[in-house]
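What follows is a short report on a single structure.
In what follows, residues are counted from 1 in the order of the sequence shown. Note that the structure is predicted; figures quoted are calculated from it, not measured.
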Amino acid sequence: MIPLRLRSTLTALAATGLVALSACGQSDSGASSPGETQGGAARDGGSASAAPGGELTVPEDADPDTKNYYLTENAIAACMKKRGFSYTPVPGVEPNEEMNAGEGRDYGLAKKYREKYGFGTYSRIVYPNDPAVALPEEESNPNESYRSSLPAAQQKKYDKALGRLRSLTRKTDGVIPRPPKDGCLAQAERKVYGPPKSKAQQDREIAEQRERDKQAGQALNGDPQLVSLAQAYADCLRKEGITVTTTQPTSIADMVKFQVADQIPPGGWPERDEALAKLPGEIDVALKDLECGKQFRAAYWPKFDKNPYVGNNG
């Protein structure tokens, strides 16, 4: 089980065709590269604001990833200005805190949410403009618009100055292609994160992160209290006529939600009338799931905070 705030989101950087510039972060704290952190740029640090001159103002309570991301965007803008081009620092997509309420960390908020939206599956169609269920839309990127307004010859010069990468293809050695060293992307990255790490360093940090995640999963799934509560959770679901496919502590709280989502075939979202007819059933199942898992979630979340586990959800 993983909260929505840790899941991947569309980012403004992706809209420009830029890719993650470094595998893993540039520090042992796990700070990610600019392309990797944009989706969570304002995750814990509040909303972005612009200082005089168009720079992003780093929120006072910003976490390291957020701070480094903002500093990198500002550095790109300063570099491009010196080269005669405009670049607007772009804040990341903010998380939908209303959707997080349905996760069940706070029982009262989750119950209120699920009484109207269920798991947020069919309600997304019934209430298409409701921020509590709407997925974040990818905002238009001012830099892409600016580039498109330039003559073709200038666009090429813009790309060269920025050092942009359009390809998402990895090299055969597993290393993501890096932007040209003389481009503003690479220069800004070096300014904020320092010299790029070698493949050996990247591989070591990836292995270390996987090991930490593995240990976190073992700690949660091997916790006697959570194992017992998960079993009771599963027994309650069965009594309610709900299929149980796992009793693993890290998976059980999302199990029923995924079962509802799996009923919708890929590319086959129902029309509003059909979604409206199915929403009451989803709400009923969501509330039963919440009640059955009340004690489990109360014990799980504090332990998850001490052992943040990503697993297959990352």
Side-chain angles (χ1 to χ4, degrees), residues 1-9 95-127 130 132-135 216-217 220-223 225-270 272 274-305 307-314:
M1 179 172 62
I2 180 169
L4 289 175
R5 61 187 172 84
L6 293 181
R7 295 179 185 164
S8 300
T9 60
N96 189 329
E97 297 298 339
E98 291 184 76
M99 290 180 68
N100 287 351
E103 292 289 296
R105 182 180 284 267
D106 183 303
Y107 171 80
L109 290 177
K111 184 175 182 179
K112 183 178 180 180
Y113 181 93
R114 295 190 184 196
E115 284 175 341
K116 180 176 181 179
Y117 304 111
F119 292 118
T121 304
Y122 291 109
S123 54
R124 190 172 300 157
I125 303 170
V126 176
Y127 309 110
D130 192 324
V133 290
L135 293 176
L220 295 170
N221 290 323
D223 185 286
Q225 181 191 24
L226 294 182
V227 170
S228 177
L229 289 173
Q231 187 60 57
Y233 183 0
D235 290 341
C236 177
L237 290 174
R238 292 188 184 100
K239 290 179 182 179
E240 294 289 352
I242 298 173
T243 302
V244 173
T245 58
T246 180
T247 58
Q248 192 175 53
T250 54
S251 302
I252 191 170
D254 281 335
M255 176 189 65
V256 181
K257 176 175 64 177
F258 288 156
Q259 288 178 6
V260 172
D262 287 344
Q263 295 174 8
I264 300 177
W269 284 90
R272 187 178 185 279
E274 182 182 353
L276 188 62
K278 292 186 175 182
L279 180 57
E282 179 185 348
I283 291 174
D284 179 63
V285 171
L287 290 173
K288 288 177 179 177
D289 172 70
L290 182 66
E291 292 299 325
C292 285
K294 182 177 181 180
Q295 291 185 325
F296 170 81
R297 288 187 174 90
Y300 181 88
W301 284 114
K303 295 184 178 184
F304 172 89
D305 289 339
N307 295 282
Y309 174 69
V310 177
N312 294 330
N313 294 312

If the condition is salt bridge (charged side-chain N to carboxylate O under 4.0 Å, His left out), which residues does [X] pass it with, not counting sequence neighbours?
X	value
D106	none
K116	D130
E274	K278
K303	D223

Derivation and outcome, side chain to side chain contact (heavy atoms under 4.5 Å, CB included), residues R124 and W269: CA-CA 10 Å; R124 190 172 300 157; W269 284 90; 4.1 Å; yes
Over all heavy atoms of both residues, which pair between [X] and [Y] is shortest? Give the atoms and the distance, please.
X	Y	result
V126	L279	CG2-CD2, 4.1 Å
A253	R297	O-NH2, 3.2 Å
D305	P308	O-CD, 3.7 Å
V227	G222	CG2-C, 4.4 Å
A234	T247	CB-CG2, 3.7 Å

What distance separates [X] [atom1] from [Y] [atom2], expressed to the nearest 0.5 Å?
X	Y	atom1	atom2	value
E240	L287	CD	CG	10.5 Å
D289	C236	CG	SG	9.0 Å
L237	I252	CG	CD1	6.0 Å

Under 3.5 Å donor-acceptor, E282 side chain and T121 backbone: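 Present.
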Residue Q248 excluded, over 12 heavy atoms near CD under 6.0 Å: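 Buried by this count: over 12 neighbours within 6.0 Å.
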Residues in side-chain contact (heavy atoms from CB on, under 4.5 Å) with [X], at least two apart?
X	value
T245	T243, M255, Q259
N307	A216, A219, L220
V285	F119, I242, V256
P280	none

Close side-chain approach of [X] and [Y], heavy atoms under 4.5 Å:
X	Y	result
R105	F304	yes
K288	R114	no
Y117	Y127	yes

Apply side chain to side chain donor-acceptor pair (under 3.5 Å) to [X] and list each qualifying residue two or more places apart in sequence or on a separate chain.
X	answer
R272	none
Q263	none
E115	none

Short side-chain donor-acceptor distance under 3.5 Å, E291 and Y107: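 Yes, a side-chain donor-acceptor pair sits under 3.5 Å.
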With Y233 via ring-ring contact (aromatic ring centres under 6.0 Å, His included) - residues at least two apart: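 Partners of Y233 under the ring-ring contact (aromatic ring centres under 6.0 Å, His included) test: F296.
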Sole residue of V260, I283, V133 in side chain to side chain contact (heavy atoms under 4.5 Å, CB included) with Y122: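 Exactly one option meets the side chain to side chain contact (heavy atoms under 4.5 Å, CB included) with Y122, and it is V260.
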Salt bridge flag under 4.0 Å for residues K257 and D262: no
